[in-house]
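Let me begin by presenting the structure, written as structure tokens, before commenting on it.
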Amino acid sequence: MKINLTENRKKILVLSCMVVLLVVAGTLSIVLNLNAGKANDGNSNLDGTQSTFFTELQSDKELRKNEQIALLDAIINNDNSTQEAVANAEKEKLAIVANIKTEMALEAKIKSKGFNNVAVMIGNSKINVFVDKAELLLEETSVICSLIMEETEFTITDIIINTAV
């Protein structure tokens, strides 16, 4: 039995399959990260809840970025998309990739200052930083803000530091 699909239906089918695979990959990532967190040898100063918080936060962040990129790729690769829509999607995709690189660089720099777990999330007008301390000293807050302002164009009023304990 041969199924005759139009080009648009084929594209919709392929896109739907990509979304399903993305969700499955994200779910597996979360499950594997949670299992890795449970297998932690206990050398961290965090209890299981805090470690799980950072693992889930990073997994959720990665999943959302992957979903955004997949949707933008669908617009870019759709023959019915206007040139303006493709250009906007490409521009937004490049911005997401740049944010991912900046977030990773900031997380590494903040970790190098003695924080075990850090998550950085860049938004349109604010940057959120999550650290694994119950309370930050003024010097620690200053160091984090300085690192962010050196690496980005965010000002002190755009930086939100959250303690995760």
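In what follows, every heavy atom counts, from backbone to side chain, and hydrogens, waters and symmetry copies are set aside.
At a threshold of 4.0 Å, the pair Glu150-Lys109 does not count as salt-bridged, since none of the basic side-chain nitrogens sits closer than that to a carboxylate oxygen.
Listed here is the closest heavy atom pair of Ile110 and Phe115: O-CD1, 3.4 Å. Scanning all heavy atoms of the two residues, the minimum distance from Leu147 to Lys113 falls at CD1-CG, 4.0 Å. Of all heavy-atom pairs between Met149 and Ile156, the closest is SD-N, 3.6 Å. Looking at every heavy atom in both residues, Phe54 comes nearest to Phe130 through CE2-O, 3.6 Å. In this structure, Ala134 and Thr163 approach most closely via the heavy-atom pair O-OG1, 3.6 Å.
Proximity of Lys101 to Val97: side-chain heavy atoms (C-beta onward) are separated by under 4.5 Å at one or more points. Side-chain contact between Val120 and Ile148 is absent, with no heavy atoms from C-beta onward closer than 4.5 Å.
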* Can you list the steps and then say if Asn117 with Leu57 is a side chain to side chain contact (heavy atoms under 4.5 Å, CB included)? -> CA-CA 11 Å; Asn117 284 312; Leu57 184 63; over 6 Å; no
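Listed by chain and number, the residues in a side-chain hydrogen bond (donor to acceptor under 3.5 Å, both in side chains) with Thr155 are Thr157, Asp158 (sequence neighbours excluded). Partners of Glu140 by side-chain hydrogen bond (donor to acceptor under 3.5 Å, both in side chains), not counting sequence neighbours, listed by chain and number: Lys133. Listed by chain and residue number, nothing satisfies the side-chain hydrogen bond (donor to acceptor under 3.5 Å, both in side chains) test with Lys91 (two or more places apart in sequence, or in another chain).
With hydrogens and angles disregarded, no donor-acceptor distance shorter than 3.5 Å links the side chain of Asp60 to the backbone of Glu56. Side-chain atoms of Asp132 come within 3.5 Å of backbone N or O of Asn116 as a donor-acceptor pair. Glu103 places a side-chain N or O within 3.5 Å of a backbone atom of Ile122 that can act as its donor or acceptor partner. No side-chain donor-acceptor contact under 3.5 Å links Ser142 to the backbone of Leu138.
To the nearest 0.5 Å, atoms CZ (Arg64) and CG (Asn66) are separated by 11.0 Å. The structure places OG1 of Thr82 at 9.5 Å from CD1 of Ile75, a figure rounded to the nearest 0.5 Å. Taking OG1 from Thr102 and CD from Glu151, the interatomic distance works out to 6.0 Å, rounded to the nearest 0.5 Å. Going from atom CE of Met121 over to atom CG of Asn99 covers 11.5 Å, rounded to the nearest 0.5 Å. A distance of 9.5 Å separates CD in Glu92 from CD1 in Ile76, rounded to the nearest 0.5 Å. For the atom pair NZ of Lys111 and CG of Leu106, the computed distance is 12.0 Å after rounding to the nearest 0.5 Å.
In the hydrophobic clustering of this structure, Met104 does not group with Phe154; members are Ile, Leu, Val, Met, Phe, Trp, Tyr whose side-chain heavy atoms approach within less than 4.5 Å, directly or through other members. Hydrophobic clustering of Ile, Leu, Val, Met, Phe, Trp and Tyr side chains at less than 4.5 Å, counting indirect connections, unites Leu136 with Ile127. Hydrophobic clustering (ILVMFWY, side-chain heavy atoms < 4.5 Å, transitive): Val118 and Ile100 are in distinct clusters.
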